Amino acid sequence: MGIRPIHRWQVRPCTAMRIQARLARLVCIRPMTCQIQFVGGLDCSFDQGLGLAFGAAVVVDANDLRPVDYAISASRIHFPYVPGLLSFREAPAMLKAFKGLKTVPDLILVDGQGIAHPRRLGIASHIGILLDRPTIGCAKGLLIGSPSLIGQQKGDHGPIVDLDTGQVIGAGVRTRAHVRPLYVSPGHLCDLQDAIHWTIRCAGLYRIPEPLRLAHQVAGKAKRSYSGIGVRQVLPSLQI
DNA sequence: GCGACAG
DNA sequence: ATCTTGTCGC
């Protein structure tokens, strides 16, 4: 008799929502205790034409924010983009890239929401549960919640409140002076203070924190190089 | 019913 | 996410 899989990615939206509701109960929000030496960044890019997702995992040294390791992955897309179900589309590629790292990060920044999510299980929380590691969700846009007005200087921040419950689910953070804020929320095994602190601490000269900025670049290059290979394989068959 | 809606 | 070079401004 077959065993029941703990988790599946190729499911219908309604099943994905049930999986999220179940995993959300495992999310642990509490202050981080361990020392952080390496911070990871997870992102991915897509080639709709090829139906492929390219994941990127980058690790930087927490002290100088310089990269010490990275890995990429390519995998078939098995889920459409549906607001609220992002992890079922992007997490597989990110997790596959993460497996390729030789330096395992102590903390992981993920491109997307943490608990600032309808079912409190954004992609950062989802990945944090599956890896059993501290994760922080750093999103460029808001999914749910109402952000408060914040100052224009780097480091300024204010709460994001879920008006339905009155709960503080995240924070708007100015990672660079005079630019749009980033929306952060704890993913797993850390709290909102940690999320705010480490997002600011990982912010270099740009709006996007260094681990994620580098992961974004790597994912983009992975896609372009892969497409390049595809072109070289196709062109010969066209040239008689 | 209407508008919003991570990437 | 993705199509895309240079350019105007803090």
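Predicted model only: the values in this text are computed from it and were never measured.
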query = Is there a side-chain contact between Ile29(A) and Ile115(A), using heavy atoms and a 4.5 Å cut-off?
reply = yes

ask   = Do Phe88(A) and Ile19(A) come within less than 4.5 Å of each other through their side chains, counting heavy atoms only?
value = yes

inquiry  = Quick check: do Trp198(A) and Met32(A) have side-chain heavy atoms less than 4.5 Å from each other?
reply    = yes

request  = Return yes when atom CG of Leu163(A) has more than 12 non-hydrogen atoms of other residues, nucleotides or ligands closer than 6.0 Å, and no otherwise.
outcome  = yes

note = Those residues at least two apart in sequence (or on a different chain) that pass ring-ring contact (aromatic ring centres under 6.0 Å, His included) with Tyr183(A) are none

ask   = Can you list the stems that DNA chain C is part of, where a stem is at least 3 pairs in a row, each Watson-Crick or G-U, with both distances below 3.5 Å?
value = none

Contact list for DNA chain B against residues 146-173 of chain A - heavy-atom distance below 4.0 Å = none

With the criterion being N/O to N/O and under 3.5 Å, what pairs connect the protein with nucleotides 5-10 of chain C, and how long is each?
none

remark   = Tracing side-chain contacts under 4.5 Å among Ile, Leu, Val, Met, Phe, Trp and Tyr outward from Phe46(A) reaches Ile77(A)

inquiry  = Can you confirm whether more than 12 heavy atoms, excluding those of His216(A), are under 6.0 Å from its NE2 atom?
reply    = no

inquiry  = So Phe54(A) and Cys44(A), do their side chains get closer than 4.5 Å, heavy atoms only?
reply    = no

Close N or O pairs between protein and nucleotides 1-7 of chain B (under 3.5 Å):
unit_1, atom_1, unit_2, atom_2, d
dA6(B), OP2, Tyr81(A), OH, 2.4
dA6(B), O4', Gln113(A), NE2, 3.3
dA6(B), N7, Gly84(A), N, 3.0
dA6(B), N6, Gly84(A), O, 3.0
dA6(B), N6, Leu85(A), N, 3.3
dA6(B), N6, Leu86(A), N, 3.2
dA6(B), N6, His117(A), NE2, 3.4
dA6(B), N1, Ile123(A), N, 3.2
dA6(B), N3, Gln113(A), N, 3.0
dG7(B), OP1, Lys140(A), N, 2.6
dG7(B), OP1, Lys140(A), NZ, 3.4
dG7(B), O3', Asp111(A), OD2, 3.0

ask   = What stems involve DNA chain B, if each pair must be Watson-Crick or G-U and both of its distances must be under 3.5 Å, with 3 or more such pairs in a row?
value = none

query = To which residues is Ile150(A) joined in a hydrophobic cluster, defined by side-chain heavy-atom contacts under 4.5 Å among Ile, Leu, Val, Met, Phe, Trp and Tyr, whether direct or through other members?
reply = none

Whichever hydrophobic residues join Val179(A) through chains of side-chain contacts under 4.5 Å = none

ask   = Salt bridge check: are Asp162(A) and Arg120(A) linked by an N-O gap of less than 4.0 Å?
value = yes

message = Can you tell me if Lys223(A) touches the phosphate of dT2(C), counting only side-chain N or O atoms and a distance under 4.0 Å to OP1 or OP2?
response = yes

remark   = Those residues at least two apart in sequence (or on a different chain) that pass side-chain contact (heavy atoms from CB on, under 4.5 Å) with Gln10(A) are His78(A)

query = Within the structure shown, what part of the strands sits under 4.0 Å from His216(A) by heavy-atom distance: base, sugar-phosphate, or nothing?
reply = sugar-phosphate

Determine all donor-acceptor pairs shorter than 3.5 Å in which one atom belongs to a side chain in residues 129-146 of chain A; sequence neighbours excluded.
unit_1, atom_1, unit_2, atom_2, d
Arg133(A), NH1, Pro105(A), O, 3.4
Thr135(A), OG1, Ala124(A), O, 2.7
Thr135(A), OG1, His188(A), N, 3.2
Lys140(A), NZ, Asp111(A), OD1, 3.1
Lys140(A), NZ, Asp111(A), OD2, 3.4

message = Suppose we screen for ring-ring contact (aromatic ring centres under 6.0 Å, His included). Which residues come up paired with Phe38(A), at least two apart in sequence or across chains?
response = none

ask   = Could you go step by step and tell me if His126(A) and His7(A) meet the ring pair (Phe, Tyr, Trp, His ring centres under 6.0 Å) rule?
value = CA-CA 11 Å; His126(A) 198 150; His7(A) 188 59; 5.0 Å; yes

